[in-house]
**Student:** 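Pasting a structure here, questions to come.
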Number of protein chains: 2
Amino acid sequence: MQNLITHIKKHVTLSEAETKFLSSNIKSIHVKKKEFLLQEGNICKANYFVEKGLLRMFFINEKGVEQITQFALENWWLSDYMSFIMQTEAKFYIQAIENSEVLVVEHHKQEELFKQLPQLEKYFRIMTQRAYAASQMRFKYFYDYSKEENYRLFVSLFPKFVQRIPQYMLASYLGITPEYLSELRKR
Amino acid sequence: MQNLITHIKKHVTLSEAETKFLSSNIKSIHVKKKEFLLQEGNICKANYFVEKGLLRMFFINEKGVEQITQFALENWWLSDYMSFIMQTEAKFYIQAIENSEVLVVEHHKQEELFKQLPQLEKYFRIMTQRAYAASQMRFKYFYDYSKEENYRLFVSLFPKFVQRIPQYMLASYLGITPEYLSELRKR
DNA sequence: GTTCTTTCTTAAACTAGCTTAAGTTTTTTC
DNA sequence: GAAAAAACTTAAGCTAGTTTAAGAAAGAAC
């Protein structure tokens, strides 16, 4: 839980007692590689924080193929937000790519946390704003660059991350076929 | 300003005095069709709320063509969030498509507002979560559907909105050429 | 250390969506 | 209400990225 506490304290203040209260309302779990935190059709009950490891979010498209829309590394929050905030059926799967340690903030406990620790409103406002800002930029890249350019951009921005995932997952995230990715690498 | 007040009161409580304080920290402006609220390279100084009218956000791509990434209708917030929260150079333009009435929450005043009216943290957390949730779904559509399917989906979801904008703007938003959109309509 | 499974590569045929270019229709301006 | 500007259409040729299919390499499991 230490990563999260440190992360929160960068943005708002938390007393010892408050930290304890927070900790007691957040579960920490180990998720094995390939294990699911969420499956399509279920209701997304929690917001997940990656303490250690790597998660992916994907859906199964019309052709039955997995389409990855997001990864989550250490210190990132991940959730199917539409399902989480509306408590409706999820459209996505969330699965561990590596054995991971994940913090689980359940929906009903989050409400309680906001009541007791109002400064968390600010923390989550800032986190969501950042995520949203990142997503605006990601749309820009989607529109602006060809698949090939997007691939080269991704590799140059996150060279270490590329080592950590199989190529077919990168292809899926970039919205191209593994065959085409293979061709791009050859060039 | 009434639309915004009503909108906020759906999510948090505001006393008379608080409403007054809020109003005094938010500017209301008229923006004429084609007028800019933000241009690329400037720092995005405000978060904009559409009381009436229609805005678009776009950037100029490598080929010199305008690429629309978002529209904002009545009761929507719009901003280049990366520029707004980091106070760095904007990558986008924000421009009025129709004569509009827009509320302007400036960056430095927002800080003050959060201090005086902490319940606004909650309001903006909820708004940003919604925007982010919508953007996760939009990525899904981007990955899942062909351009043609995306066009048909958009028309079926927002038939009235389609009437309100020129076709070339819809084409731009969908990431296709106006020529191709014209072909799709014919089918 | 052999077998099974998962991941990656190569290459040829194919298609969704783009480019170019010219013409038509609609909207704006004076 | 005529002229200019902006928006839309049509069609032919083109290209980025897909599909299909088969084989090679690497990792995991026993």
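Chain identifiers are assigned alphabetically (A, B, ...) following the order of the sequence lines, protein sequences preceding nucleic acid strands; residue numbering begins at 1 within each chain. In what follows, every heavy atom counts, from backbone to side chain, and hydrogens, waters and symmetry copies are set aside.
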**Student:** Roughly, in whole Å, what's the span from CD in A:E66 to C1' in C:dT7?
**Tutor:** 14 Å

**Student:** For B:W76 and B:Y48, I'd like to know if the aromatic rings sit close, meaning centre-to-centre distance below 6.0 Å.
**Tutor:** no

**Student:** Roughly, in whole Å, what's the span from CZ in B:R185 to P in C:dT25?
**Tutor:** 15 Å

**Student:** Classify the ring geometry between A:F58 and A:Y93 as parallel (under 30°), tilted (30 to 60°) or perpendicular (over 60°).
**Tutor:** parallel

**Student:** Please report the interatomic distance OG1(A:T177) to NZ(A:K147), rounded to the nearest 0.5 Å.
**Tutor:** 9.5 Å

**Student:** Please check this pair: side chain of A:S172 against backbone of A:I68, looking for a donor-acceptor N/O pair closer than 3.5 Å.
**Tutor:** yes

**Student:** Measure the distance from NZ on A:K33 to C1' on C:dT5 and round it to the nearest whole Å.
**Tutor:** 13 Å

**Student:** From OH of A:Y151 over to C1' of D:dG17, roughly how many Å is that when rounded to an integer?
**Tutor:** 16 Å

**Student:** Between A:I176 and B:K186, name the one whose nearest nucleotide on DNA chain D is closer to the 5' end.
**Tutor:** B:K186

**Student:** Mind calculating the distance between CD (B:Q167) and C1' (C:dT27) to the nearest angstrom?
**Tutor:** 14 Å

**Student:** Expressed as a whole number of angstroms, how long is the span from B:I165:CD1 to D:dA7:P?
**Tutor:** 12 Å

**Student:** Where the side chain of B:K147 is defined as all heavy atoms beyond and including C-beta, which of C:dG17, C:dC8, C:dC18 is the nearest nucleotide?
**Tutor:** C:dG17

**Student:** Remember a base hit wins even if backbone is also touched, and classify B:E179 as base, sugar-phosphate or nothing at under 4.0 Å, heavy atoms.
**Tutor:** base

**Student:** Can you check whether B:K63 has a side-chain N or O nearer than 4.0 Å to OP1 or OP2 of C:dT19?
**Tutor:** yes

**Student:** Quick one: A:Y168 OH to D:dT18 P, roughly how many Å, whole number?
**Tutor:** 18 Å

**Student:** Provide, to the nearest angstrom, the distance between the CD atom belonging to A:E62 and the P atom belonging to C:dA16.
**Tutor:** 14 Å

**Student:** Given D:dA7, D:dT18, C:dT19, which nucleotide is nearest the side-chain atoms of A:T177?
**Tutor:** D:dT18

**Student:** Students often get this wrong, so: under 4.0 angstrom with heavy atoms, is A:Y180 touching a base, only sugar-phosphate, or nothing?
**Tutor:** base

**Student:** Do A:Y173 and A:F71 have ring centres separated by under 6.0 Å?
**Tutor:** yes

